[in-house]
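Because the structure is a prediction, the values reported are computed rather than measured. To find a chain, count down the sequence lines: A is the first, B the second, and so on, and within it residues start at 1.
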Amino acid sequence: MTPTPSGGPEPVLTVDGLTVSFRSRYGSVQAVDGISYELAPGEVLAVVGESGCGKSVTSMAVLGLLPPTAHTTGSIRFADGRGGTRELLGADERTLGSVRGKEIAMIFQEPMTSLNPVLTVGRQIAEVLRRHQGLNRAQARARAVELLGLVGIPAPDRRVDEYPHQLSGGMRQRVMIAIAVACDPRVLIADEPTTALDVTVQAGILDVLRNLREQLGTAIVLITHDLGVVADIADRVLVMYAGRAVEQGTVQEVFAEPRHPYTRGLLDAVLRPGTRPEGGRLREIPGVVPRLTDSPDVCTFAPRCDRADERCTALRPALDTAAHAAACWHPLAGAAAPAPSEATR
Amino acid sequence: MIPYLLRRAGQSLVTLVLVSVVVFLGVRALPGDPALAMAGETPDPQLVAAIRHQYGFDQSLPVQYWKFVSSAVTGNFGISSRTGMSVTHSILSAAPVTVELALLSLLLATLIGIGAGVAAAVRRGRPTEWLANAVALLGLSVPSFWLGMVLVLAFAVAIPLFAASGFVPISADPLDNLHRMALPALVLGSGMAAVVMRQTRSSMLESLSADYVRTARAKGLARRQVVYGHALRNSLITVTTVLGLQLGQLISGAVVTEQIFVLPGFGKLTLDAVTNRDYATIQGVVLCTATAYILVNLLVDVLYSAIDPRIRIGGAA
């Protein structure tokens, strides 16, 4: 299942030129700088990058969950599959309230703190059912038990009355997933869903996500910095660096033939079974991620890139959204250089 | 739950014994002699000796203490050297005034304090918050005697909505009772409301930025449900602590407020007893308020477990 970004079925979620900046005491900080992607129904899109590259901010923007200090531009459109399209960026609370949890659901990185400690898990699942599907107390509870079973929690009829502190981390993340899928959303945004969990538990959570996609056809935006998870479950990859998208393509394309030096660096920094890194050490990317206060018309990776020249520090490379592409003046593996930035700005 | 309550009862007993020793020795360490106070302007040594003998002040301290404690456990706190009446009787007649005043003030403080605290946290950085903070600061800084007098002038004299003084039992005439209790309850309640408001505000600000509130918003819940169903539930534990401490203080009597509004509660009883070296009454009132304080704290601890399931009473599971 590898739907092409264009020419395939109508995308369920379209992010177009999204920018997010935060006002702070030290001036404005550019967290997301011109991200665009399309998500096809049933597709799993992985958004990867280092901590602080704007992955989470992008997904929070989709549901309007950013703090009031955030300033956004661009467009985020959601297609409900019944012919209607809603603009989510800057939408009022009423519109967002009818989309959140029902059409687009989200699970978060920290299952330990993402559930309310003073409410039973059953109540927290029932809440979303009562809000969006108008179920009464008894119906919602019965459905909550079903959902707990669906996400693989043993003895769901007992667990439904327990509090989060009585469950393990993996169980809590399953509860978060049960809440997220309660109303059969068209899109599930999973923000680092396995990061805080043990490796064995991670595999279980990924299985649950995979089943959801197969059984319910849910499209998933998977935010992660774990390339192993990406290879395991994703169809397409969007690589982000310092708030910008630097490469996109199918998992096979990006993993087999990375074009952006940053993607290459990410892949080289991962230890692979059966191979020995050169010199016995993993390669790291030199330098640190810049902290951007505006949107400079240059390649922001240039200071850390061994292929950079004058062009990289003078013009901003654009990202072609059509196929496997990298926002780079000197892409690897002989791909043609992209058009200058005027085209996209 | 039962073992927990038994353990708490044991601890409370130790506390009460310590309180009884401290108050017993404390009143006797005060300068002044109750027998001299009772004997009048020109004391006759024989009369003083007779009074000493009558109230047992001529016995050794351990004997006096034993007499005090052994009758206190039966609910008998002795005879007041000021009025010559049973101390238990004075306490029982003052208790309804103080308890009602405490509960009314607590109710006002809870309603105003939590309401304003939530509003200030939700509308952070907007005029509502500044207003709530300013009013709270005013409530904390204004002394109760001044506020009491201003309220009397405003709502009992200029606009005679409420009565300025006296007490009518609620069983005798509920409307007249409220008519007289409204202003003193407002005076005590406003100071408490300010404390509760500030506590609610800061603890709500913390809750509102918590991950589970983000989850609640991501579920598409209505704002009201996010604020009250999720954030406030978690903030209640610190607010309950503050309310418990405040209620404990109120039960020991609001001396100044009771004085202004001429209410015959614990505050007035204590003040009269202290100025007259009325050992038996001081001991009785202090023991009773200490017991009430301990009970309120126990109630608060039981409430914690109702609010927060992570606090398991009795060490179960």
Does NZ or CZ of B:Arg214 lie under 6.0 Å from the centre of the six-membered ring of A:Phe108, at an angle within 45° of the ring axis? yes

Given heavy-atom pairs under 4.5 angstrom as the criterion, report whether the side chain, backbone, both or neither of A:Ile179 touches chain B. side chain

A:Glu93 CD to B:Arg223 CZ distance, which is reported to the nearest 0.5 Å: 7.0 Å

At a heavy-atom separation under 4.5 Å, does B:Ala210 approach chain A through its side chain, its backbone, both, or neither? neither

More than 12 heavy atoms of other residues, nucleotides or ligands under 6.0 Å from CD of A:Gln133: yes or no? yes

Honestly, the part of B:Ala216 sitting under 4.5 Å from a heavy atom of chain A is neither

Heavy-atom distance under 4.5 Å between the side chains of B:Thr215 and A:Asn116, does that happen here? no

Top contributor to chain B interface from A:Leu63, A:Ile107, A:Leu119 [non-hydrogen pairs under 4.5 Å]: A:Leu119

Chain B contact via A:Met60 - side chain, backbone, both or neither, heavy atoms under 4.5 Å: side chain

Regarding B:His230 and A:Gln124, do their side chains bring together a donor and an acceptor under 3.5 Å, going by distance alone? no

Decide yes or no for A:Met106 and B:Arg217: does some side-chain heavy atom of the first lie under 4.5 Å from some side-chain heavy atom of the second? no

Output yes when a side-chain donor or acceptor of A:His132 lies under 3.5 Å from a complementary backbone atom of B:Leu221, and no otherwise. no

Contacting region of B:Ile237 [heavy-atom separation from chain A under 4.5 Å]: neither

Check whether more than 12 heavy atoms from other residues, nucleotides or ligands sit under 6.0 Å from atom CZ of B:Arg198, and answer yes or no. no

Can any side-chain N or O of A:Ser114 pair as donor or acceptor with the backbone N or O of B:Tyr212 at less than 3.5 Å? no

Look at the side chain of A:Arg131 and the backbone N and O of B:Gly220, then say whether any donor-acceptor pair between them is shorter than 3.5 Å. yes

Minimum heavy-atom separation for B:Pro309 to A:Pro117, with atom names? CG-O, 3.4 Å

Closest non-hydrogen contact found for A:Glu127 with B:Gln225 is CG-NE2, 3.8 Å

